[in-house]
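By convention in this document, chain letters (A, B, ...) are assigned in the order of the sequence lines, proteins followed by strands, and residues within each chain are numbered from 1.
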Number of protein chains: 2
Amino acid sequence: MAATLKDVAARAGVHPSTVSRVLRKQENLKILDTTRKRIFDAVEELNYQPDFTARALRMKKSFTIGLIVPDIGNPFFSRIARTIEQLGFEKDYTVIVCNTDEHQAKENKYVNHLLSRGIDGLIMVPAQDSDESVNKVLEHKVPLVLIDRLFEDINTNAVISNNVESAYNAVKHLVDLGHKKVAFLRGRNNIYTMTKRFEGYQKAVDEFGLVKSDSLIVGNGFSFDDGHNATTKLLNCPEPPTALLLTGNLITVGAISAILEKGLKIPEDISVVAFADSIFSPYLVKPLTTISHPLYEIGSKAFNLLLENIESDEETLPPTQIMINTQFDIRETTGKAKAA
Amino acid sequence: MAATLKDVAARAGVHPSTVSRVLRKQENLKILDTTRKRIFDAVEELNYQPDFTARALRMKKSFTIGLIVPDIGNPFFSRIARTIEQLGFEKDYTVIVCNTDEHQAKENKYVNHLLSRGIDGLIMVPAQDSDESVNKVLEHKVPLVLIDRLFEDINTNAVISNNVESAYNAVKHLVDLGHKKVAFLRGRNNIYTMTKRFEGYQKAVDEFGLVKSDSLIVGNGFSFDDGHNATTKLLNCPEPPTALLLTGNLITVGAISAILEKGLKIPEDISVVAFADSIFSPYLVKPLTTISHPLYEIGSKAFNLLLENIESDEETLPPTQIMINTQFDIRETTGKAKAA
DNA sequence: CTGTTAGCGCCTTCAC
DNA sequence: GTGAAGGCGCTAACAG
């Protein structure tokens, strides 16, 4: 078994509490003479490491934060996670990663679990079927920062993107290229980002007098298959759209695969703009025109906001919402609309 | 503050230990009469959740496993992490994710930290500058499974790939296409996978009488820039290679960008085979010929092996090493060698 | 079947 | 400056 405070104390010939003090107190707040050396020697010899669990129990502070995301396998989330973990490391916080797979039930289970673990704070991308778990966290007065999605009727800390504007600009770009019929491939319905992006899409459709039809709004999931199926369905229409607005990494890959399977050319036959954050985007079949996120910025803003809340003496700070601008890169998957 | 066992006990008019038992013991092993109901009611009313930290301290079991990888932002690792987390969830284990960035110092710090946290097991991709941290984990008798890399002189559990064979086959494929001058872009040196892949490369070079030159062995890092710079250097040679064997996701993106910047065509001017695990691989400039890993399989094999070790009564089980075969997909980045 | 007692390893009063 | 005592919330061993 690992050495304990008591062991160190015995070996150094002092009381455990003394060891505890020496090991933790700032180097010399209350100066100790040679005891100090004896203790450090003992620590060295016994290879003593304080027991984190015991300390957490006693201090009601775990130096642990939770990170709940839909899918850490998705580059968007994994790169944000990377940043958060890295900044946490610098501040001695450790992060527990949880995937909800967009399931509310999993999210609830995780939230309960993390709460009972005594995490110091939580960063999460809510699955958003309900606000149950968010409220639970709030009730427990555990610092919380939402990323990418939020509930408009709950005032929480959040780091989100300018979805409406991003989608609007993307469609406008297509309009400038002569497109009149633009499809919107949404991920799961009722998700904040989707609602907002759809809002931007709609606004542009109305403003520029594009073809408006429910048949152009397709998809209901974030996976490769979701993207593939929705696109296939679209392309099988008698008069398919000439451009696609894709709303996620995996959806994008699925859509591209469906287009290629159909033997269509991008952008000659169909243009594509995607919300995508893969490092591979610029090197696809055709370099992909994307709306991408400054992932490091999102991760670090979220982490710092959380840390502020954790370290604040106030029980709860007034919520802060940070808006991050996406980046729009016009590359080669968007081109002139085919003449009708 | 959250309710405690004592609170529940008081409210139910029983002793805390009784509550503890009722809440934990399998539904009816030793049957309790109406006390049970009183307790459950109290739990309900107080919204009681057991404190995980206290339980961990008492039971010396944290239901937590550590996962140390170089960079969770890299799809190879993030997708493995996803699997491990998911399987952990099913078994009530929670996972702490750590990025080493290939730095031994960070790895050591993390290992110490995780150990002092009392993790039940550890899955790691060692940074491999030294075996210090691996040995430390072993000393502490904490179940350990290595992924992707191992130390040949330390007998540990591990899930690795058939690197030698994979690299050999890739080069052979190039040879079949007429290539005589194949470059090897390695990631960080002294890393198990690199050594092995290089071994396969060398074997093929020797066996098929390819051009053998140190100038064809370039690169020393896993980043985009590493891939970009190494490739640029290669292409600036008076007689550049006609094919490249790339050994990582980011290296691949960097290499492709360098090739395109030079105005060269893939595969007409230069062929490319990559160890790559991005979902985007099939849809690159040219669909990428890849050696890819069954990531779910790697993650689940690793997790199950770890779980076996955690749950075993033996203090240490004999180490198991599992070899996983990569998949070779010939797509369109490899073509006939240019006539000299 | 349920209460009592003890203690996991640590930190924090409060004395001396 | 250092020791002693108590307890964070829980479980385990032993009584009854």
Side-chain angles (χ1 to χ4, degrees), chain A residues 1-40 42-43 46-64 112-113 115-120 140, chain B residues 1-40 42-43 46-64 112-113 115-120 140:
Chain A
M1 276 326 303
T4 129
L5 260 194
K6 225 200 290 189
D7 301 334
V8 176
R11 191 170 182 89
V14 295
H15 195 270
S17 64
T18 308
V19 179
S20 172
R21 278 187 283 250
V22 172
L23 257 37
R24 217 160 5 80
K25 286 269 165 51
Q26 26 282 54
E27 284 297 321
N28 47 9
L29 228 196
K30 301 217 167 167
I31 316 148
L32 310 164
D33 52 332
T34 65
T35 333
R36 177 180 234 92
K37 182 175 164 27
R38 289 219 310 285
I39 291 177
F40 279 123
V43 165
L46 296 177
N47 209 329
Y48 171 74
Q49 288 264 124
D51 180 316
F52 216 87
T53 310
R55 181 178 285 180
L57 175 62
R58 183 60 235 250
M59 307 210 300
K60 307 240 144 279
K61 163 108 184 154
S62 62
F63 275 97
T64 305
N112 284 334
H113 182 83
L115 251 22
S116 100
R117 266 187 117 86
I119 50 166
D120 296 334
H140 281 246
Chain B
M1 274 327 304
T4 125
L5 257 196
K6 227 198 290 186
D7 302 333
V8 176
R11 191 170 184 87
V14 295
H15 196 272
S17 66
T18 307
V19 179
S20 172
R21 277 186 285 248
V22 172
L23 258 37
R24 217 157 7 79
K25 287 270 166 47
Q26 26 283 53
E27 285 297 322
N28 47 9
L29 230 195
K30 301 219 168 161
I31 316 149
L32 310 163
D33 53 331
T34 68
T35 336
R36 177 182 233 93
K37 182 175 165 26
R38 290 218 308 289
I39 292 177
F40 279 123
V43 164
L46 297 176
N47 209 329
Y48 171 75
Q49 286 263 125
D51 181 315
F52 215 87
T53 310
R55 183 178 284 180
L57 175 61
R58 184 60 235 247
M59 306 208 303
K60 305 241 144 280
K61 163 107 182 157
S62 62
F63 275 98
T64 305
N112 284 334
H113 182 82
L115 251 23
S116 101
R117 265 188 118 85
I119 51 166
D120 296 334
H140 281 246

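Distance CZ (A:Arg117) to C1' (D:dG9): 15 Å, rounded to an integer number of Å. A:Leu23 has its CG atom 16 Å from the P atom of C:dG9, to the nearest Å. For A:Asp7 and C:dG9, the CG to P distance is 9 Å, given to the nearest whole Å.
The P atoms of C:dT5 and D:dG6 are separated by 15 Å, rounded to the nearest whole Å.
Between B:His113 and A:Phe52, the closest heavy-atom pair is CE1-CE1, 3.4 Å. Nearest heavy-atom pair across A:Ser62 and A:Ala56 is CA-CB, 4.0 Å.
For D:dG9, one of the phosphate oxygens OP1 or OP2 lies less than 4.0 angstrom from a side-chain nitrogen or oxygen of A:Lys60.
The shortest distance between side-chain heavy atoms of A:Arg11 and A:Val8 does not fall below 4.5 Å.
Atom NZ of B:Lys6 sits in a sparse spot, with 12 or fewer heavy atoms from other residues, nucleotides or ligands closer than 6.0 Å.
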Which nucleotides of nucleotides 10-16 of chain D have their base under 4.0 Å from a protein heavy atom (B), which only their sugar-phosphate (S), and which neither (-), written as one string 5' to 3'? BBBB---

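The backbone N or O of B:Ala12 sits less than 3.5 Å from a side-chain atom of B:Arg38, completing a donor-acceptor pair. With hydrogens and angles disregarded, no donor-acceptor distance shorter than 3.5 Å links the side chain of A:Gln49 to the backbone of A:Ala2.
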